[in-house]
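Atoms within a ligand are numbered from 1 in the order they appear, just like the ligands themselves.
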Amino acid sequence: MTIDGPTASGKTTLGMALATALRTAFFDTGLTFRAISYALAQQPFEPYDGWCKAVEHQPFSWAEPVAGAERSERVLFHGEDVTDKIFAPGLERQLGLVAANPLWRDQIRNYHRDIVEANPSIVLVGRDVATDLLPSATLHVALWAGLTVRRERRRAQYRDVIGRSTAVGPATALDIRTLEALRTMPNSIELDSTFLPATAVLRAVLRKIEDLPHGTVRR
Ligand SMILES: Nc1ncnc2c1ncn2[C@@H]1O[C@H](COP(=O)(O)OP(=O)(O)OP(=O)(O)O)[C@@H](O)[C@H]1O
Ligand SMILES: Nc1ccn([C@@H]2O[C@H](COP(=O)(O)O)[C@@H](O)[C@H]2O)c(=O)n1
């Protein structure tokens with residue numbers, strides 16, 4: 001299954017809950033973009049294409065999920081848990097550079113393809129996963145939420161983290177470009193979560209799954 005939508009629309013929340021309910025693998029492709037941007041931000045130079053190779057050797061790894069944590073996937077960089085840091089506002093510029101670079105996108109796509117191949121039963125999250133990575137998925141969900149609500153959700157998410165309280169500013173050029181680039185599959189379920197709690201979003205998707213022909217989704 002794929003879940004796409006703009007930042008802080010609730011993709012990860014829904015994806016993790018769905019993967020738990022259906023006992024499938026789960027992967028948030030945004031983490032790859034963020035982890036690579038974080039690695040680049042540690043370098044003193046402007047990123048350029050040659051770095052694609054350089055970052056291949058960066059020692060990233062994914063730690064075991066942390067039970068009870070809101071965002072249970074953890075990203076390690078040189079052994080340090082950088083999961084919170086890769087959501088820091090200062091990474092926006094690097095994120096924009098990585099996301100706009102076709103060479104980076106190719107490498108990241110190949111990395112994600114390997115993950116999909118290794119996990120035929122997977123909930124895959126990210127803004128282009130439906131159209132680009134897994135167009136033949138059993139179910140596509142296009143999740144939406146208004147900008148003000150998304151900003152407030154992110155602000156609440158960061159409220160208790162020192163130095164992160166100003167993390168969510170006005171819509172940036174990156175936000176706007178990303179929204180323009182969002183494409184959905186013609187057969188995707190469109191859900192507006194602006195006024196829906198996360199549990200209701202999950203219930204709505206589970207209901208859609210129940211409507212699928214028997215045996216389409218193995219539990
Ligand atoms: N339906 C909802 N109602 C209220 N809050 C929600 C809802 N869905 C998610 N949230 C909260 O909003 C915040 C952002 O959610 P989440 O990380 O799932 O979004 P995302 O789309 O995966 O973001 P990103 O694109 O940055 O990875 C989290 O704190 C989450 O608990
Ligand atoms: N499939 C994807 C996932 C992400 N991006 C880019 O990475 C940025 C961070 O993603 P989040 O979902 O964690 O917000 C995002 O702004 C995109 O620019 C992408 O291009 N394709």
Ligand-side contact atoms (ligand 2) for residue partner [X], heavy atom cut-off under 4.0 Å:
| X | result |
| --- | --- |
| Leu95 | 7 (O), 8 (C), 9 (C) |
| Thr7 | 14 (O) |
| Arg105 | 19 (C), 20 (O), 21 (N) |
| Ala99 | 18 (O) |

Contact atoms of ligand 1, heavy-atom distance to [X] under 4.0 Å:
| X | result |
| --- | --- |
| Arg127 | 25 (O) |
| Lys11 | 18 (O), 19 (O), 20 (P), 21 (O), 22 (O), 24 (P), 25 (O) |
| Gly10 | 8 (N), 9 (C), 15 (O), 16 (P), 18 (O), 19 (O), 20 (P), 21 (O) |

Check whether [X] reaches the backbone of [Y] with its side chain - one donor and one acceptor, N or O, closer than 3.5 Å.
| X | Y | result |
| --- | --- | --- |
| Arg150 | Ala8 | no |
| Ser193 | Ala198 | no |
| Lys11 | Val125 | no |

Next item on the list: Mind running side chain to side chain contact (heavy atoms under 4.5 Å, CB included) on Ile209 and Val205 for me, showing each step along the way?
Entry: CA-CA 6 Å; Ile209 290 173; Val205 175; 4.2 Å; yes
Check: Got a second to check how far Thr24's OG1 is from Leu18's CG, nearest 0.5 Å?
Finding: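 Nearest 0.5 Å value for the OG1-CG distance: 7.5 Å.
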Check: Any Lys/Arg nitrogen of Asp128 or Arg105 sitting under 4.0 Å from an Asp/Glu carboxylate oxygen of the other?
Finding: yes
Notebook entry, point to check: Are Asp211 and Lys208 ion-paired here, with the side-chain N under 4.0 Å from a carboxylate O?
Noted result: no
Notebook entry, point to check: Just heavy atoms, cut-off under 4.0 Å: does Asp128 contact ligand 2 by side chain, backbone, both, or neither?
Noted result: both
Check: Got Thr7 and Arg127 here, is their nearest side-chain heavy-atom distance under 4.5 Å?
Finding: yes
Check: Less than 4.5 Å apart, any side-chain heavy atom of Thr32 and any of Phe27?
Finding: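 Sidechains of Phe27 and Thr32: in contact.
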Between [X] and ligand 1, find which residue part has any heavy-atom pair under 4.0 Å and reply side chain, backbone, both or neither.
| X | answer |
| --- | --- |
| Arg34 | side chain |
| Glu152 | neither |
| Ala145 | neither |
| Leu196 | backbone |
| Ala200 | neither |

Notebook entry, point to check: Considering the options Thr29, Val141, Leu134, which one meets the side-chain contact (heavy atoms from CB on, under 4.5 Å) requirement together with Thr2?
Noted result: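 So the option named by the test is Leu134.
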Item checked: Plane angle bin for Phe33 and His112 - parallel if under 30°, tilted between 30 and 60°, otherwise perpendicular -> tilted
Mind checking whether [X] has a heavy atom under 4.0 Å from ligand 1?
| X | value |
| --- | --- |
| Ser9 | yes |
| Met16 | no |
| Pro6 | yes |
| Pro197 | yes |

Notebook entry, point to check: Out of curiosity, is His112 lining ligand 2, as in a heavy atom under 4.0 Å away?
Noted result: no
Check: Among Thr199, Leu31, Thr13, Ile86, which one has a heavy atom closest to atom 16 (P) of ligand 1?
Finding: Thr13
Notebook entry, point to check: atom 16 (O) of ligand 2: which of Lys11, Arg127, Arg34 has the nearest heavy atom?
Noted result: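 It is Arg127 whose heavy atom sits nearest to atom 16 (O) of ligand 2.
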Check: Would Trp144 and Glu190 count as a side chain to side chain contact (heavy atoms under 4.5 Å, CB included) if you check the C-alpha gap in whole Å, the side-chain angles of each, and the deciding distance to 0.1 Å?
Finding: CA-CA 7 Å; Trp144 177 255; Glu190 300 201 10; over 6 Å; no
